[in-house]
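Structure first, then comments.
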Amino acid sequence: MAAAPPALSWALPLLAALAGAGGPQSFELPGAPIDNIEVSSGGVLVAGGSCLYELRPELRLRHRVVPAAAGQVCGEPPGMRSNLLLPYVEAGGKGVLLAGWTQKDGTCEVWEQPAYRQRFNRSEVVSCLPDGSTAGVVFQLAGAWYLAVAATYSTGSYGNYLGCEPSQSDKATVITVRSMNNLESKEELGIIKRKDEPLHFVDALQWGDHLFFPYYTLKARAGNSTEPPSMAVLRQLRPSEGGLTLQGHVYLDCGCRTLIVSSSLVRQGERGWWVGVFLYKQDAKAWNATAVCIFGMEEMKEQACASKHFCFLMSDFQEARSIKKLPTLIHSGLVAVYGTVVLNQIVLFLGTDDGQLLKAILNEDMESNCPEILYEIKEETSVFPKLRLDPVDNNYIYLSSANKVRRIPVANCSRYISEQECLSVKDPYCGWCSLTQRCTLKENCTRSNSIKGWYNISHAPDKDLKIQLSFPARNQVCNPVLCMFVYCGLKCVILSLIAASLLLSPCYMYYIHSIEPLWISTLGKSEITVKGENFTRASGIKLILTGITGCKPDIIKVRNVLNDTQMTFALPPTRKEAKSICIQANGKKCSPPMTLHYVSPPSCLAITPNTSWIRCPGNESEYHYLTPSLSHATEGKVVDMMLKVETTFIPCVKLHYHPDPVFINYQLHTELDPDLELKIYVSLKDLSVLQCLYSESFSDSFLAAFIVTRYKSKELTRKQSQQLELLEYEIRKEIREGFAELQMDELDVVDSFGTVPFLDYKHFALRTFFPESGGFASIFSEDMPQSRDQTSKDESFNMLHALICNKNFLVTLIHTLEKQKNFSVKDRCLFASFLTIALQTKLVYLTHILEVLTKDLMEQSSNVQPKLLLRRTESVVEKLLTNWMSVCLSGFLRETIGEPFYLLVTTLNQRINKGPVDAITCKALYTLNEDWLLWQVSEFKTTVNIIFEKIPENESGDACQTIQVNVLDCDTIGQAKEKSLQAFLNKNGFLYGLQLDEIGLELVSEEQQRELLDIDGSSEVMEDGIRKLNTIGHYEISNGATIKVFKKKVTTRSDMDYSDEHCHLILPDSEANKDVKGAGHKGKQKFKVKEMYLTKLLSTKVAIHSVVEKLFRSIWSLPNNKAPVAIKYFFDFLDAQAESKKITDPDVVHIWKTNSLPLRFWVNILKNPQFVFDIKKTSHIDGCLSVIAQAFMDAFSLAEQTLGKEAPTNKLLYAKDIPHYKEEVKAYYKAIRDLPPLTTSEVEEFLTQESKKHENEFNENVALNEIYRYIAKYHEEIDSKLERERGFEDVQKQLRQVKALFDEKKKCKWI
């Protein structure tokens, strides 16, 4: 069986953990699939490839055994399989193994372990058929050992296996009892034969003095029978009493499923349950194809009364009875099950046909939770039907698939962080370890035997399981076969399904014809289409998506009702499985379910060809993808290729671009008879001649092709002339319009934009302290949990706070931490931020620490080049300086810089939205960043009147308002709605009472009133299936038309939320080159060159130039000839350090100041307005602010810019302004230096005032707790450092006291 192609599995926490540890322990059979697996007292037995392997529990090879039935080596003879492995222990502890093989008419060999000395072997014990079943159990009776084996010795008419059929007298034998002394079959021990129908046995189980054999008929496997599976029950009698006796069989009804694929016995004291995986039929792949049903052992023993399938002389058998159970679990592809009891709860481990290992936990009513995915096999090979627990360590389970067996942990407790999460999951394997404050397995927790040491959902010791085997009533869809059982009689009614499902309502009816697609990846699907009739009359339309039993169904509202026959939904990402999908509307029942398959995302294996030309329009690969041209490339290049599925990028392979070939000449050679040789000479790096051979038989065709080529060449020349004319016209037109725009265009900057939405100090500080660790914002907003002993709790934090207020200790601590290899740059930044918060009210002390650490940084050998000082953020002091600037300049930022900065962000947004903006990519015609330039646009202009209806919830407003809104004819309906709401705000000064998703637009005209939608039945569909969003121009709305805003009855998704299956202004390549419509350019193509539109960057720069300069000069000017205290103090400190180090180069000090203030603080603010204001930063605004921030930093640079024509546009935009800015910056630095120096008391007074402002802003204990985590992690290194240094004896003692207090708190669950 070939392995399935690799697939990208759904991201799972457990897989990530396993990947980090190098994956699970495993053993791989060399070149052969696994036939059988069983566990013994000391390890694992795996059979495959005509060999037996004994493995240690951790799956290291202990023995390899070649059976006598095989050849001299593994793999011979081909096709030999193991179908029985039964280890047991005789008196005296001697291990014995019975192994059955399909070779030599079904041979059984008995070995003594551990040496594997063969006692004997006997043929015709097990089935020798390749697909024949064998199930056996070894049991002890009256001191002797016996084997009860059930096997398919003959398949009757369902197979023809010459050389393997038993004798005529033994063809009907199905169950025999044999003594383990010789394995001979004897009547007195028990021989049971079947009637006409061949049987397939799944398992053999011993329960008390009875044996159980689950089975089904081969007729059912062939799909020719709806008869349910059965359980045969046999009584154990002494040989003198007649041996094994058939008690009867009982039907097992699990929702009309006719096959059993896996079996497990769950024991708990004197109670027992049999768990089976049932299947509709072999090739079924529906959402409900497989199910788990659970039957009580005693109930089956009592009900087994029939002998329909077996020949028996006794006449006291009754009609066949049936035990009917509703499924505990329903799934599309279960193939394996193993059940066990842990802390009085039944736990089921389940394997699937696509390589998943699931874990389900049952409650008292035998209801399952949502099964957890423990592991996924990357190759997606089917799991072997036998799952087994590690006999030595029950915290592991063996998962077999193809030729590999893996040892998988039964739980991933570490994924649960908090105690509440650990206990609420109700996993009996997981509990809270109070000593380590972790969620762990019981064995991984010290003092786990104490109830207070480790506890989970059950504090009580193991006791008899109190489970009532009852099943709640559930609605069950039995499709396609409905089975009805009356006692032991069986009647089946075949249901035929109509092609369309009919849903009725009191007034009308509508139909569901199809749902497309029904196969999607686990990443979800942004749009699926439901086709049918009468959708526009329905209300409350929902899609119900139901997966494996126990997991919460997804209820998805309709995304868009496109027209009367089509509607769309967006499906979420989920686990890999087949789900049931149905449509519900009008509050009625759900439609009959269909099967939706969630499969692994595609993976990329190779690309053919893997080369392309730089400017070739596209090469078709095997999967018909087009390679894009490379801009600004002349030499060859290697690029990474990735697949994009929904919003996820999947790594692929590398694509090699070669320089374009240059045509030189061609020669036609006719002397090569009977072939014609055409040589084309081109200029290539590795090839200069392309040779084409034409056979003589095709000479006429070649001549015809030559004539046609001559005609096409003339036609091409004529078309090229027309295209050049159009290109010249377009270039002239665009250049003229760009020039006019630069001279005449003005931006109506909003002078009054209301109150600037500043963030409060706490949120400003947290966003600057933790720009990439948003999770810390919440923990510093929460209060510390109150302890019962507040005094004791405060003592530890008070001592730690006193310790870090010891300057010598804190400096030594920071230097010691930075010397640790695994104290990463991220750790250094976090530690600096925690320290800033902990010392927020002691800014004078924090400033002294900053001075000491900065001096130490200057002395480091790595800073022999002084110009590199403070250039990066790779140490604690560098991040500490950033935080210190943020704290000390927060007031200056709010009072002086905030308003011009907010004006810049507002102006940029206004400018971007003045022209066309592509709704899919967010690229715009007016931008500062070339990467965000939208150049694929046509002419645009429209102004419409918008009527705002009175909102019932806002009675205070006017009944209706008419507002003129500047909407472009290329705007989508969603963009028009956004501009309408913004215009309402600008006019009235307050928001309209409805959100964007709650309003709709309706065209008001004399002919009709029509709702405007981004996507509807009239939407244009491109050749490649991409749907174009509707625009104002699409609806042919003229200038001055009236559009009404109304409240939607049903809130739909955001109009801006579209996938790659839609387009707006940027058309697919296949559509972009189509002929232009219109009489003036009929038959011509619309040429677009990006460089023609670079003037739009300049016009945007000119439009916002005054705002940018106002912001820049507010930063580097000195209002009232005073500099902020923090800037003056730190610049004077840097000057003093340069003087003490005898640095005479003024450039060095200039660079130090630039690295400490503009680079470290101002650029971070300019690029992140969301740090200062309560706004959302779009990706486009981020790109524009990056250009402005680059110009800002260029103003502080001492290097002279030498820009050429090929320089980046973001550099060229401000090239003429930078020299003026540089002069202003130098004057700014000089003015600060010339100011009178600050006295120590002035600096300390400022810092003290700032400290008082921020009292009670943060929970400092949280920061102290995080600092202690680092101290605890590196305690040995810190303690050793203090011990080596003189004068730290008292500090060392205090540190140990702090550690003792924190350790005590961990025991009491206080931290």
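Every value quoted in this text rests on a predicted model; they were computed, and no experiment measured them. Along the sequence shown, residues are numbered consecutively beginning with 1.
Within the 4.5 Å cutoff, the side chain of Leu147 has heavy atoms near those of the Val125 side chain. The closest side-chain heavy-atom distance from Leu211 to Val177 is not below 4.5 Å. With contacts defined as side-chain heavy-atom distances shorter than 4.5 Å, the pair Leu85/Ile37 does not qualify. With a 4.5 Å cut-off on side-chain heavy atoms, Ile397 and Asp390 do not count as touching. No side-chain heavy atom of Leu350 sits less than 4.5 Å from a side-chain heavy atom of Gln356. Taking the side chain as every heavy atom from C-beta outward, Lys219 and Thr258 never approach each other to under 4.5 Å. Annotation: side chain of Leu199 is in contact with side chain of His309 (closest heavy-atom distance under 4.5 Å). In this structure, the side chains of Ser50 and Cys74 stay at 4.5 Å or more apart for every pair of heavy atoms.
A salt bridge links Glu184 with Arg122: the distance from a Lys NZ or Arg NE/NH1/NH2 to an Asp or Glu carboxylate oxygen falls below 4.0 Å. Between Glu28 and Arg406 there is no salt bridge, since no side-chain nitrogen of the basic residue lies less than 4.0 Å from a carboxylate oxygen of the acidic one.
Not less than 6.0 angstrom separates the ring centroid of His63 from the ring centroid of Tyr53. The aromatic ring centroids of Phe213 and His249 lie 6.0 Å or more from each other. The ring of Tyr216 has its center closer than 6.0 angstrom to the ring center of His200. The distance between the ring centers of Trp145 and Tyr88 falls below 6.0 angstrom.
From Leu141, atom CG reaches atom CG of Asp209 across 9.5 Å, with rounding to the nearest 0.5 Å. Note that the CD1 atom of Ile548 and the CG atom of Asn288 stand 12.5 Å from one another [nearest 0.5 Å]. Summarising the geometry, atom OG belonging to Ser262 is positioned 8.0 Å from atom CG belonging to Asp203; distances are rounded to the nearest 0.5 Å. Taking CG of Leu97 as the reference point, atom CD of Gln118 lies at 11.5 Å (rounded to 0.5 Å). For the atom pair Met80 CE and Asn83 CG, the distance stands at 9.5 Å (nearest 0.5 Å). Here the CG atom belonging to Leu334 is positioned 7.0 Å from the CG atom belonging to Leu358, to the nearest 0.5 angstrom.
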### Task
Kindly indicate, with the supporting measurements, whether the criterion salt bridge (Lys or Arg N to Asp or Glu O under 4.0 Å) is fulfilled by Arg575 and Glu376.
CA-CA 11 Å; Arg575 66 205 297 170; Glu376 279 192 304; over 6 Å; no

### Check against salt bridge (Lys or Arg N to Asp or Glu O under 4.0 Å), Arg221 and Asp131
CA-CA 12 Å; Arg221 186 173 70 179; Asp131 57 348; 3.7 Å; yes

#### Entry: Glu90/Arg119 under salt bridge (Lys or Arg N to Asp or Glu O under 4.0 Å): CA gap, chis, key distance, verdict
CA-CA 14 Å; Glu90 294 181 338; Arg119 285 186 177 178; 2.9 Å; yes

### Task
List the steps, then state whether salt bridge (Lys or Arg N to Asp or Glu O under 4.0 Å) holds for Arg407 with Glu58.
CA-CA 7 Å; Arg407 186 172 182 252; Glu58 65 276 12; over 6 Å; no

### Working for side-chain contact (heavy atoms from CB on, under 4.5 Å), residues Asn121 and Val110
CA-CA 6 Å; Asn121 67 75; Val110 179; over 6 Å; no

### Message
Working note: Ser521 + Tyr598, criterion side-chain contact (heavy atoms from CB on, under 4.5 Å); need CA distance, chi angles, decisive distance, verdict.
### Response
CA-CA 5 Å; Ser521 82; Tyr598 273 99; over 6 Å; no

### Message
Using the rule given for side-chain hydrogen bond (donor to acceptor under 3.5 Å, both in side chains), can you reason through Glu227 versus Tyr251, listing the C-alpha separation, both sets of side-chain angles and the distance that settles it, and then say yes or no?
### Response
CA-CA 9 Å; Glu227 185 178 8; Tyr251 285 121; 2.5 Å; yes

### Task
With side-chain hydrogen bond (donor to acceptor under 3.5 Å, both in side chains) as the test, would you mind laying out the steps for Asn412 and Ser414 before giving the verdict?
CA-CA 6 Å; Asn412 183 24; Ser414 59; 3.2 Å; yes

### Query
Do Tyr146 and Val138 pass the side-chain contact (heavy atoms from CB on, under 4.5 Å) test, and can you show the C-alpha distance, the side-chain angles, and the key distance before you say yes or no?
CA-CA 6 Å; Tyr146 297 91; Val138 174; over 6 Å; no

### Step-by-step side-chain contact (heavy atoms from CB on, under 4.5 Å) determination, Leu399 to Leu387
CA-CA 6 Å; Leu399 174 71; Leu387 298 171; 3.9 Å; yes

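Contact record, Ala411 with Leu441: CB-CD2, 4.1 Å, taken as the closest heavy-atom pair. Closest approach of Pro87 to Val39, counting heavy atoms only: CG-O, 3.6 Å. Contact between Phe384 and Ile34 at its shortest, heavy atoms only, is CE1-O, 3.6 Å. Looking at every heavy atom in both residues, Pro214 comes nearest to Met231 through N-SD, 3.4 Å. Closest of all the heavy-atom pairs between Leu86 and Gly136 is CD2-O, 3.4 Å. The shortest heavy-atom contact between Val410 and Lys359 is O-NZ, 2.9 Å.
Using a distance-only test at 3.5 Å, with no hydrogens or angles considered, a donor-acceptor pair links the side chain of Lys576 to the main chain of Asp354. Side-chain atoms of Asn403 come within 3.5 Å of backbone N or O of Leu29 as a donor-acceptor pair. Checked by atom type and distance alone, the side chain of Arg257 never pairs as donor or acceptor with a backbone atom of Leu279 at under 3.5 Å. Checking side-chain atoms of Thr290 against main-chain N and O of His331 turns up a donor-acceptor pair under 3.5 Å. Under the 3.5 Å distance criterion, the side-chain polar atoms of Ser264 are matched with a main-chain donor or acceptor of Gly339. With hydrogens and angles ignored, the 3.5 Å screen pairs a side-chain donor or acceptor of Thr217 with a backbone N or O of Ala220.
At least one cation-pi condition fails for Arg194 and Phe310: the charged atom is not both under 6.0 angstrom from the six-membered ring centre and inside a 45 degree cone around its axis. For the pair Arg388 and Tyr398, the cation-pi criterion (under 6.0 Å, within 45° of the ring axis) is not fulfilled.
Note on ring orientation: taking the six-membered ring where Trp is involved, the planes of Phe212 and His210 are tilted (angle from 30° to 60°). In this structure, Phe295 and Phe278 have tilted ring planes: the angle between them lies in the 30° to 60° band.
Looking at Thr102, Val126, Asn36 one by one, the single match for side chain to side chain contact (heavy atoms under 4.5 Å, CB included) with Thr134 turns out to be Val126. Here the rule is side chain to side chain contact (heavy atoms under 4.5 Å, CB included) with Val335, and of Ser382, Pro385, Ser401 only Ser382 fits it.
In this structure, a donor-acceptor pair under 3.5 Å is present between the side chains of Tyr116 and Glu54. Under the 3.5 Å distance criterion, with hydrogens and angles disregarded, a donor-acceptor pair is assigned to the side chains of Ser133 and Thr152.
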